[in-house]
Amino acid sequence: MAIQISRFPKLPEDVKKPVCMKKLRQVSKAFLLGLALLATCGFAAANDTIIIKGVGTWDYFTNYQKHEGPFWNKHIAEVSGGQIVGEIKPHTELGLHGYEIMRLVKNGVFDFAFGLPGYVAPESEIFEGADLSSLVQNIAVQRKVANAYFHTLELAFAEKYNAKLMMLYPFPSQMIWCNSEIRGIEDLKGKRIRVFLTTLGDFVEGVGAIPVSASFNNVPEALEKGIFDCAITGTMSAYTGKLYKVASYGYTLRVGWGLAFGAMNLNKWNLLNDEQKALLKNEIAQLTDNMWQETAQEDAVALACLAKGPCPIGEVGNMTLVEPSLEDLAVRNNVAMDVILPRWAARCGPECAANWNRTVGRVLDLRAEAKNR
């Protein structure tokens with residue numbers, strides 16, 4: 001089936017092309033008037049509005065509702081005095097699936113995109129490196145990881161997609177939600193667990209379970225029908241998706257953060273003048289801070305709402321939340337060292353793994369090395 005991409009409205013031709021030159025052709029009597037009109041024309045060209053066409057993540061998740069959408073559709077025009085105007089829609093509304101989004105940015109169909117590493121990992125496994133499954137249990141540490149790996153991803157986005165990486169930001173932490181009793185990590189053995197990233201599949205196989213790839217839209221029905229036994233998704237998406245109606249248990253080991261990116265087509269970036277570039281960098285830096293802070297708060301709110309409350313955003317889910325024991329964390333450590341890191345190092349290659357060890361590895365005191373076969 002062909003993918004239909006909604007087209008954003010184009011500027012009228014009379015807006016795109018300055019009218020000043022037409023006026024100048026009519027001026028022959030007054031040289032000074034001609035100079036004045038030339039100056040006016042140059043001023044108008046320098047102040048043409050830059051339209052940024054964007055694509056966001058899921059319209060039903062709070063990252064788009066509170067941050068991605070408002071930033072481009074309203075905020076950036078306000079703070080730039082109309083010099084930069086954004087037009088963004090979520091990929092769910094545009095009928096896109098994710099993996100094609102950065103290719104569309106590369107080709108100039110979109111100027112800016114928010115997305116997940118799973119969108120770009122097929123191009124290079126290097127994109128997985130900032131959010132390898134289960135390594136980080138604390139959001140403050142996860143931000144240090146993102147900062148340490150930013151330059152690596154910046155180079156990869158430029159090389160693979162002719163794009164400028166502008167930001168890395170998290171979704172609420174990824175946990176495991178099951179339709180039968182879970183008391184610890186050992187109870188995951190043999191279960192069919194929904195995943196959406198290769199590294200999550202590595203974790204699932206590492207604990208003796210079976211990974212099943214599925215979109216989030218299919219998760220509630222699949223859990224209810226027993227197509228799979230558990231699902232990995234974020235805390236807030238588990239609540240807003242009402243997984244508590246089809247799953248009674250939540251295992252709160254953080255198996256990922258859904259670390260996302262914001263990237264801009266480099267040709268479009270280069271159309272901005274220095275002041276516009278500085279403005280956009282500063283505003284996106286503030287957006288990034290806001291998203292990290294709110295995600296930490298959302299995590300706590302969602303967990304309370306999924307369990308016994310209090311819940312300031314709706315009904316209480318009454319799920320049983322099971323925290324990982326020290327023994328569970330020891331198993332997780334073994335899975336990370338024996339499965340997750342070696343598999344990723346093998347996929348990404350020696351140079352990629354060595355770079356990870358110099359960056360993220362130093363933050364986490366870990367090493368990624370492929371196993372000899």
Side-chain angles (χ1 to χ4, degrees), residues 3 5 50 52-57 68 72 88 91 96-133 135 142-170 196-199 202 256-272 274 276-278 280-281 284-285 287-288 340-341 343-363 367-370:
I3 296 173
I5 301 174
I50 300 290
I52 307 293
K53 298 175 295 181
V55 56
T57 57
E68 300 167 16
W72 283 114
I88 189 172
H91 77 263
L96 300 174
H97 297 90
Y99 61 86
E100 70 270 61
I101 287 175
M102 283 308 299
R103 296 172 190 172
L104 294 172
V105 171
K106 181 178 182 179
N107 292 329
V109 177
F110 296 108
D111 303 313
F112 191 98
F114 294 103
L116 295 183
Y119 294 2
V120 291
E123 300 286 352
S124 174
E125 289 78 5
I126 198 170
F127 292 109
E128 297 179 283
D131 194 16
L132 294 174
S133 183
L135 301 187
Q142 181 58 42
R143 187 158 194 187
K144 291 180 180 178
V145 167
N147 291 340
Y149 207 60
F150 190 94
H151 182 60
T152 298
L153 293 179
E154 186 177 36
L155 295 175
F157 271 94
E159 177 185 352
K160 299 292 183 181
Y161 296 110
N162 186 42
K164 179 175 178 60
L165 180 63
M166 302 293 293
M167 62 187 297
L168 294 173
Y169 65 99
F196 58 91
L197 295 173
T198 302
T199 186
D202 291 339
W257 289 93
L259 190 70
F261 62 81
M264 186 171 180
N265 177 282
L266 270 170
N267 295 340
K268 193 73 171 192
W269 170 257
N270 289 330
L271 291 179
L272 303 177
D274 290 344
Q276 291 167 337
K277 287 178 180 178
L280 193 53
K281 280 184 178 180
I284 286 182
L287 175 68
T288 303
I340 295 167
L341 286 171
R343 284 188 181 184
W344 178 73
R347 290 195 299 272
C348 206
E351 184 178 349
C352 174
N355 173 71
W356 189 92
N357 292 334
R358 291 191 299 267
T359 55
V360 177
R362 287 184 178 175
V363 174
R367 288 188 63 80
E369 295 177 340

Nearest 0.5 Å please: distance from the CD1 atom of I126 over to the CD atom of E351. 8.5 Å
Can you check whether S124 reaches K160 side chain to side chain, under 4.5 Å on heavy atoms? yes
Atom CG in N267, atom NZ in K106: separation rounded to 0.5 Å? 11.5 Å
Counting distance only, does the side-chain N/O of N265 pair as donor-acceptor with the main-chain N or O of V105 below 3.5 Å? yes
List the steps and the verdict of side chain to side chain contact (heavy atoms under 4.5 Å, CB included) for T359 and V363. CA-CA 7 Å; T359 55; V363 174; over 6 Å; no
Would you say T152 and R358 make side-chain contact, with heavy atoms under 4.5 Å? no
K164 atom NZ: more than 12 heavy-atom contacts under 6.0 Å: yes
Which atom names give the shortest non-hydrogen contact between N270 and K277, and what distance separates them? OD1-NZ, 4.0 Å
Please round to the nearest 0.5 Å and tell me the distance separating atom CD of Q276 and atom CD1 of I50. 5.5 Å
Atom OG1 in T199, atom CD in E128: separation rounded to 0.5 Å? 6.0 Å
Would you call L104 and V55 a side-chain contact if the rule is heavy atoms closer than 4.5 Å? no
Among F157, F150, F112, Y149, find the one that has a ring-ring contact (aromatic ring centres under 6.0 Å, His included) with F261. F157
Note: A345 and A370 closest approach over all heavy atoms is CB-N, 3.5 Å
Please name the pair of heavy atoms, one in L116 and one in A260, separated by the smallest distance, quoted to 0.1 Å. CD2-CB, 3.6 Å
Do E68 and Y169 have side-chain heavy atoms sitting under 4.5 Å apart? yes
So how far is it from F114 CZ to I88 CD1, rounded to the nearest 0.5 Å? 5.0 Å
Correct closest heavy-atom pair for A158 and L266 would be CB-CD1, 4.3 Å
What orientation do Y161 and F127 show, parallel under 30°, tilted 30 to 60°, or perpendicular over 60°? tilted
Using modelled atom types only, decide if a donor and an acceptor are shared between the side chain of D131 and the backbone of W257 within a distance under 3.5 Å. yes
Heavy atoms only: give me the nearest A368-W356 pair and the separation to one decimal. CB-CE3, 3.8 Å
Are there over 12 heavy-atom neighbours, none belonging to K281, within less than 6.0 Å of that residue's NZ? no
Residue pair H91 / Y119: nearest heavy atoms and the distance that separates them: CE1-OH, 3.1 Å
Atom CD1 in I340, atom OG1 in T198: separation rounded to 0.5 Å? 12.5 Å
Report yes or no: does Q142 contribute a side-chain atom to a donor-acceptor pair with the main-chain N or O of A130 at less than 3.5 Å? yes
Show your reasoning for whether side chain to side chain contact (heavy atoms under 4.5 Å, CB included) applies to D202 and R347. CA-CA 12 Å; D202 291 339; R347 290 195 299 272; 2.9 Å; yes
R103 versus E123: any side-chain heavy-atom pair under 4.5 Å? yes
Any side-chain heavy-atom pair of I52 and M264 under 4.5 Å: yes
Compare all side-chain heavy atoms of L155 with those of E159 and state whether any distance is below 4.5 angstrom. no
